[in-house]
Amino acid sequence: MNADEDKRAAANAAVGEIADGMLVGLGTGSTAAFAIARLGERVRAGLRVRAVATSLRSLEQARAAGIDTLDFADVAATDLAIDGADEIDARLHAIKGAGGAMLREKIVAESAARMIVIADGSKRVAAIGAAKLPVEVLPFARSFVTRRVADLGAAVTVRGGAAAPFRTDQGNLVLDCRFAALGDPFALAEALAAIPGVLGHGLFLREIDSAIICEQGQVTRIDRPV
Ligand code: 5RP
């Protein structure tokens, strides 16, 4: 099985947990796209759900697939969020944001009664920290935040480069931050969140309830103990 087949299998398993009447948070990225496609099939087969999307591209895909979408600005809580990750470990700590949608993804994850991460086996790690950690920044604060995050021990680059930077769906910048050692991820998450101008970051430490990971065709599941 190749990675795409593993992504699809993980996505299909998660979408199998969506029940009639649910309000579902749709993630962003290639694995989430398989989930949206599968949900579209289930909707066309008669499942009645509504959804909110974590990015404009997921919104477009969901609408094209016939999924009834709501503006998240009108939504206070969702039932289930399904999203990908760049790294996930057995403690259900994850790094997200290679697609640049981590701010909306975290808000939707927090709104959800349950969040499932879906991934192929390449995303499973012993401990998160090798992937670049994306930080969303108000453009006004770019240099100031870059210096503050560098002071925390990261090599920082502006995604896309200074001349033509990547912009999030909110029009902000992403700093990709490479830490030699992440240290205590909870302490780092707090330190990042405390920097004025930081709008969000890709450390997901408490939001994820389950991970469904497919490696070489074998689906495994990690659940947070209740
Ligand atoms: C986007 C994300 C994605 O979920 C993450 O990057 C995984 O993407 P993919 O499924 O394409 O590997 O966090 O902001």
Side-chain angles (χ1 to χ4, degrees), residues 1 3-39 41-42 47 49-54 58 75-99 101-131 133 182 184-190 200-226:
M1 263 203 169
D4 273 354
E5 286 169 7
D6 285 341
K7 289 177 189 186
R8 190 196 311 275
N12 288 356
V15 172
E17 301 192 16
I18 298 174
D20 225 36
M22 278 187 173
L23 175 47
V24 182
L26 302 173
T28 295
S30 57
T31 317
F34 283 117
I36 297 168
R38 177 69 189 128
L39 181 57
E41 287 171 8
R42 290 197 61 200
L47 183 74
V49 291
R50 292 165 308 153
V52 291
T54 54
S58 291
V75 171
T78 60
D79 296 302
L80 176 65
I82 299 175
D83 205 346
D86 304 310
E87 284 187 341
I88 179 137
D89 68 22
R91 295 168 297 180
L92 296 173
H93 294 171
I95 289 182
K96 291 181 46 53
M102 62 281 173
L103 176 55
R104 293 188 188 202
E105 289 171 337
K106 191 170 289 177
I107 295 166
V108 171
E110 278 282 338
S111 80
R114 211 152 59 85
M115 181 195 185
I116 304 177
V117 157
I118 49 177
D120 66 275
S122 69
K123 309 297 183 58
R124 190 202 295 263
V125 294
I128 60 165
L133 177 62
L182 213 56
D184 173 356
F186 290 94
L188 178 59
E190 258 185 49
H201 57 74
L203 276 173
F204 282 57
L205 304 175
R206 295 191 170 92
E207 293 81 3
I208 300 164
D209 298 293
S210 306
I212 298 178
I213 300 170
C214 184
E215 188 155 21
Q216 311 274 2
Q218 290 292 319
V219 177
T220 54
R221 182 186 179 105
I222 307 167
D223 290 306
R224 188 179 291 280
V226 277

Problem set entry | Results of side chain to side chain contact (heavy atoms under 4.5 Å, CB included) for L47 - residues two or more places apart only | I18, D20, L39, R42, V49
Exercise. For residues 21-37, which residue pairs qualify under salt bridge (Lys or Arg N to Asp or Glu O under 4.0 Å), counting only residues two or more places apart or in two chains?
Worked result: none
Seminar exercise, completed: Closest non-hydrogen atoms of A131 and I95, given as atom of the first, atom of the second and distance, are O-CD1, 3.9 Å
Exercise. Rounded to the nearest 0.5 Å, how far apart are CD1 of I222 and CD1 of I213?
Worked result: 4.0 Å
Problem set entry | Residues in salt bridge (Lys or Arg N to Asp or Glu O under 4.0 Å) contact with D89, at least two apart in sequence or another chain | R91
Exercise. Closest heavy-atom contact between A35 and I118?
Worked result: CB-CD1, 3.9 Å
Problem set entry | Expected output: side-chain S58 to main-chain G27 donor-acceptor under 3.5 Å | yes
Problem set entry | Separation between CG of D209 and CD1 of I116, rounded to the nearest 0.5 Å | 8.5 Å
Problem set entry | Flag, side chain of K96 to backbone of A101, donor-acceptor distance under 3.5 Å | no
Exercise. Side chain of E87, backbone of G129: donor and acceptor closer than 3.5 Å?
Worked result: yes
For this session: Please name all residues satisfying side-chain hydrogen bond (donor to acceptor under 3.5 Å, both in side chains) with D223, sequence neighbours left out, ordered by chain then number.
Result: S210, R221
Problem set entry | For R224, side-chain hydrogen bond (donor to acceptor under 3.5 Å, both in side chains) partners two or more places apart | none
Seminar exercise, completed: Scanning both residues in full, the closest heavy-atom pair of L23 with V75 reads CD2-CG1, 3.8 Å
For this session: For A109, check side chain to side chain contact (heavy atoms under 4.5 Å, CB included) against everything at least two apart and list the hits.
Result: M115, F204, E207
For this session: With rounding to the nearest 0.5 Å, note down the distance linking CD1 in I128 to CG in L205.
Result: 5.5 Å
Problem set entry | Test salt bridge (Lys or Arg N to Asp or Glu O under 4.0 Å) applied to R124 - qualifying residues, sequence neighbours left out | E215
For this session: Scan residues 23-36 for pairs that pass salt bridge (Lys or Arg N to Asp or Glu O under 4.0 Å), counting only residues two or more places apart or in two chains.
Result: none
For this session: State, with a plain yes or no, whether a side-chain heavy atom of L133 is found less than 4.5 Å away from one of L188.
Result: yes
Seminar exercise, completed: Distance col, row E105:CD vs T28:OG1, nearest 0.5 angstrom, shows 4.5 Å
Problem set entry | Contacts of type ring pair (Phe, Tyr, Trp, His ring centres under 6.0 Å), residue H93, not counting sequence neighbours | F186
Problem set entry | Main-chain N/O of M22 paired with D79 side-chain donor or acceptor, under 3.5 Å | no
Problem set entry | I212 side, atom CD1; I88 side, atom CD1 - distance, nearest 0.5 Å | 11.0 Å
Exercise. Listed by chain and number, what are the side-chain hydrogen bond (donor to acceptor under 3.5 Å, both in side chains) partners of R38, not counting sequence neighbours?
Worked result: E41
Exercise. Do you know which two heavy atoms are closest between L103 and G200, and how far apart they sit?
Worked result: CD1-CA, 4.2 Å
Problem set entry | Those residues that, when tested against R206, pass salt bridge (Lys or Arg N to Asp or Glu O under 4.0 Å) (two or more places apart) | none
Exercise. Just how far is it from atom CG of D4 to atom CG of D6, taken to the nearest 0.5 Å?
Worked result: 9.0 Å
Seminar exercise, completed: Closest non-hydrogen atoms of A10 and A119, given as atom of the first, atom of the second and distance, are CB-O, 3.7 Å
Exercise. Checking D120 side chain against C214 main chain: does a donor-acceptor pair fall under 3.5 Å?
Worked result: no
Exercise. With sequence neighbours left out, what residues match K123 under side-chain hydrogen bond (donor to acceptor under 3.5 Å, both in side chains)?
Worked result: none
